[in-house]
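Note that the structure is predicted; figures quoted are calculated from it, not measured.
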Amino acid sequence: MRRTWILLGPDRRPFASPRPGTLGGHRGTRIFGRLDCPTALRGIERGGYVRQRVFFLNRTHARAAGYRPCAACLPKEYAAWKSTGKK
């Protein structure tokens, strides 16, 4: 049996993927970042973050779904996003 992962697509709808996500996000804050992000890992340790967690195949999907880059683990992408004046 082939494993599948449930990811969030650019249309904000979940879909089954034969490939795991490369990025994680938080549904409430609409922030995405690396799977090893220290800020996200601390939230996961506290237990509240997990229920709001989503996964993306790539940055393009995350951005198209309306999520912004994490300032902690993607500082260059965050700075570029912030410089566009988007909030």
**Partner residues of Pro10 under the side chain to side chain contact (heavy atoms under 4.5 Å, CB included) criterion, sequence neighbours left out** =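 If we apply the side chain to side chain contact (heavy atoms under 4.5 Å, CB included) test to Pro10, skipping adjacent residues, the hits are His61, Ala64.
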Quiz item: Phe15, Phe56: one ILVMFWY side-chain cluster at the under-4.5 Å cut-off?
Solution: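 Looking at the clustering, Phe56 is in a separate group from Phe15.
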- request: May I ask whether Val50 and Leu41 are part of the same hydrophobic cluster, defined by side-chain heavy atoms of I, L, V, M, F, W, Y residues being less than 4.5 angstrom apart, directly or through others?
  value: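 As far as the 4.5 Å side-chain criterion goes, Leu41 and Val50 are connected within one cluster.
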Next item on the list: For Asp11, enumerate each residue passing the salt bridge (charged side-chain N to carboxylate O under 4.0 Å, His left out) test, keeping only those at least two apart in sequence or located in another chain.
Entry: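 By the salt bridge (charged side-chain N to carboxylate O under 4.0 Å, His left out) rule, Asp11 matches no residue at all.
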Who are the salt bridge (charged side-chain N to carboxylate O under 4.0 Å, His left out) partners of Arg59, not counting sequence neighbours?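 Only Glu77 meet the salt bridge (charged side-chain N to carboxylate O under 4.0 Å, His left out) criterion with Arg59.
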Specify the closest pair of heavy atoms between [X] and [Y], including all atoms of both residues, with the distance to one decimal.
{"X": "Pro14", "Y": "Ile6", "value": "CB-CG2, 3.8 Å"}
{"X": "Tyr49", "Y": "Ala40", "value": "OH-CB, 3.8 Å"}
{"X": "Leu57", "Y": "Ser17", "value": "CD1-OG, 4.3 Å"}

Output a table of donor-acceptor pairs, distance under 3.5 Å, between side-chain atoms of residues 30-38 and any protein atom two or more places apart or on a different chain; print 'none' if there are none.
residue : atom : partner : partner atom : Å
Arg34   : NE   : Asp36   : OD1          : 2.7
Arg34   : NH1  : Cys73   : O            : 2.8
Arg34   : NH2  : Asp36   : OD1          : 3.3

(request) Could you tell me which residues satisfy side chain to side chain donor-acceptor pair (under 3.5 Å) with Thr29, sequence neighbours excluded, listed by chain and number? (result)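 Residues passing side chain to side chain donor-acceptor pair (under 3.5 Å) with Thr29: His26.
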Output for pair (Tyr67 OH, Arg27 CZ), nearest 0.5 Å, gives 6.0 Å
* In Å and rounded to the nearest 0.5 Å, what is the CG to CG distance from Leu7 to Asn58? ->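 Answer for the CG-CG pair, Leu7 versus Asn58, is 9.5 Å.
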Any side-chain heavy-atom pair from Arg3 and Pro18 closer than 4.5 angstrom?
->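 The answer is no; the side chains never approach within 4.5 Å.
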Residue pairs passing the salt bridge (Lys or Arg N to Asp or Glu O under 4.0 Å) test with at least one member in residues 12-22, sequence neighbours excluded, are none
